[in-house]
Amino acid sequence: MKQALATVVQEICKKYDFDKQRMMDIVLGVQGRFGCISVEAMDLIAEMVGSHRVEVESVVTFYSFLSLKPQGKVVIRLCDDIVDWMKGYDAVADAMSKALGITMGETTSDGAITLTKTPCIGMSDQAPAALVNDVVVTNLSPERAQDLIHNLRRHLDPQQLVTTVGDGNHSHPLIRSMVRNNIRRRGPVHFADFEAGQALKATLAMDPEAVIATIRASRLRGRGGAGFATGLKWELCRNTPSDRRYVLCNADEGEPGTFKDRVLLTECAAQVFEGMTIAGYAIGADTGIVYLRGEYAYLRPYLEQVLEERRANGLLGRQIQGHPSFHFDIRIQMGAGAYVCGEETALISSCEGHRGDPKNRPPFPPQCGYLDRPTIVNNVESFSAAARIMLKGAPWFEAIGSERTTGTKLLSVSGDCRKPGVYEVPFGISAREVLELAEADNPGAVLIGGPCRQMLGPDRFSGRICYDDLATGGAFIIFNRARNKLAIAERYLDFFIDESCGHCTPCRVGLQLLKNLVHKVVTGAGEPSDLAEMRRLSNIIIQTSRCGLGQAAPNPVLGALENFSALYTDLVSERSPGLLSTFDLSRAVVDAELRVGRQSKYV
Amino acid sequence: MTSSQEATNHPEKPRIATVSLAGCFGCHMSILDIDERILALAEIVDFARSPINDYKTFDGRCTVGIIEGGCCNEENVHVLEDFRKNCDVLVSLGDCAINGGIPAMRNNIPLRECLEEAYLKSPGVYNPSGTIPNDEELPLLLNRVYPCNEVVKIDHFIPGCPPPADAIFEVLSALLAGRTPAIAYGDLKYD
């Protein structure tokens, strides 16, 4: 057995040239073969790639899809995102637990099936959903969950759960998934026809500088949400002297309620890869990496084939399209379930084979990124847009959208509405118009950009989706008037507590303190001063966390305080002279009373 | 920090009360470390209930109450609540009052195990009767050690183990002068 383990680990390490920067692939490979990465396996990996056990272990323990202990042959990861919760997560979870005879987090006694939960898997438009190993199952109900367990028990083959396939490429033999695209509105940038190679042809007819000038002239801004000018990012990277540069595509679409990259990769993969290739030419890079979130592993075989086709057609590889000095290829780096890796410097850490820890900025990635070389990290949608811009020209693109935010935006609409799905809309559209398009059901609040932004009430529905007003990475979650907004804020706070990498104390500890305060208020024990303290603590966390996660994590609470303040102020009241209702002496002495057999004289 | 309860309407000298709950008296030593400035302080304030003068009960309202140590037993809670009722402003002095400190190291161990370890199992224990002390006079222990601000509202916090005398003097001077205390950076930085 031990020898067998050593042979397999050796084989996997060899596949990645014993390169410790490929740690993610190595540990994923080992887990794929043995169901976990045991202490013995970690020792072997460390020895073979010239690392230390603690370094391997730090990676294995960081990512939620990696496991030190054996798990079931089949692992069911039920998505517990807020939209799933609204659509009946509790009943589905109950049904699965009952059918399996285990509770959440446990494995059946025969070692066959593990049941666990996971944050947003990018299926909010077809929630409740779950991952069964890599296979996605959607639109779950308690009855369907029961059937699913029943069938799984019989064959233990997740792929056999796919009895109907979704629309578009979901019927492709390499995808074969029940996921649906739900493209509700096709716009001119992403969902118009695209012939592979045409945008690249137009690009290669220009100097790299002229390509960057075109992207700058289009005024394309990053579609991940932060909105940094794409052309400027490329220019900064190109102008940083270095022997190598890198193009990274952020397909770690983890912001709860966002799923537009899933659709782009399913339907427009060639356009995304072409955008990356164009970027490679513009900045002078020969390597591109797509960091694909572990939840989207079901798309990988298909994406590998698209890449293979592009190599065969001279759109990737050496001397692309006969250009004597332009060589560029793309590899896919799998993630393993870590929200923070959507932050660009954490994504770089993960690609380098480390824990997904964010890095200090500056230096920014265009100056010093992947392997300390100048690197651009762009969103899937940004690359897709860049390809279209090279095809249609900057003036064409600039004419779409609002005056200061050009182009279109893909919105991932979910929650309380009749038509959840992906909408390609011009920037400048109002939140109200989107609510109407989606046929929202009596909307009381909308979360534009996901939990890292603030939830807005009806008084802000006239706001416009653009970088000057309502900025968004794509999420558009609708809550009807009956939803408990404070409970929503508390759940999102739980999400950030779970996903914090733990590096910065204000984020690691502060968020827990914030949760305690929120809980105190929500349970009716709060005082007005607690609301002020929630604001103060939130500001400390925002100002002193080094990455976007900590800087955004208090937003669900702050948003509820700002936009729905009456909900909190109604719950708090002034207490008598300085005594705290949260402390209960009778409960605090109960252990001692039992131990010594007498009552407290102070209770 | 809130200053809502800072009162200035005292006809006589302002009165200061101090107490050590689940602490080691190190913070009180640090109060004494203000050295000869204590004479200036004594000119403008009276010390009420405090180990410094050994008064054990309140005999009137106080301006400032200084608390060393957290709450590890029922009596600590009773005394702390008494301070809250009798003082305009409460100050948590030192890490035990603020965070629970060293005594709070027991917080992750069940009370029963703590007692058995201390009185029965620990190496060197001589306890032939095998009893754990349980006199009526002994206050009941709490299930865990609580920082003071989890039991009553605290207005000001002076961190440190112990806090430097200069920090203590600054906070007292500021409160008596009716201004917000501003502890110098050097008195808050410990590494």
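No hydrogens, no waters, no symmetry mates; every other heavy atom, side chains included, goes into these values. In what follows, every chain begins at residue 1, and chains take the letters A, B, ... in the order their sequences are listed. These numbers were taken from a predicted model, which means no experiment stands behind them.
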### Query
In terms of side-chain geometry, is the basic nitrogen of A/Glu527 or B/Lys153 positioned less than 4.0 Å from the acidic oxygen of its partner?
yes
When you look at [atom1] of [X], are more than 12 heavy atoms from neighbouring residues, nucleotides or ligands closer to it than 6.0 Å?
X        : atom1 : value
A/Lys515 : NZ    : yes
B/Tyr55  : OH    : no
B/Asp35  : CG    : yes
B/Ile102 : CD1   : no
A/Met104 : CE    : yes
A/Arg587 : CZ    : no

Chain A contact via [X] - side chain, backbone, both or neither, heavy atoms under 4.5 Å:
X        : result
B/Val151 : both
B/Ile132 : side chain
B/Asn149 : backbone

Find the distance between [atom1] ([X]) and [atom2] ([Y]) and round it off to the nearest 0.5 Å.
X        : Y        : atom1 : atom2 : value
A/Asn516 : B/Glu150 : CG    : CD    : 8.0 Å
A/Leu585 : B/Leu142 : CG    : CG    : 6.5 Å
B/Glu75  : A/Ser600 : CD    : OG    : 11.0 Å

Under a 4.5 Å cut-off applied to non-hydrogen side-chain atoms, are [X] and [Y] in contact?
X        : Y        : result
B/Val77  : A/Phe583 : yes
B/Leu140 : A/Glu593 : yes
B/Asn134 : A/Arg598 : yes
B/Asn143 : A/Val589 : no
B/Leu115 : A/Arg595 : yes
A/Tyr602 : B/Glu81  : no

### Task
Can you run down the ring pair (Phe, Tyr, Trp, His ring centres under 6.0 Å) pairs that involve residues 499-554 of chain A, sequence neighbours left out, and say none if there aren't any?
none
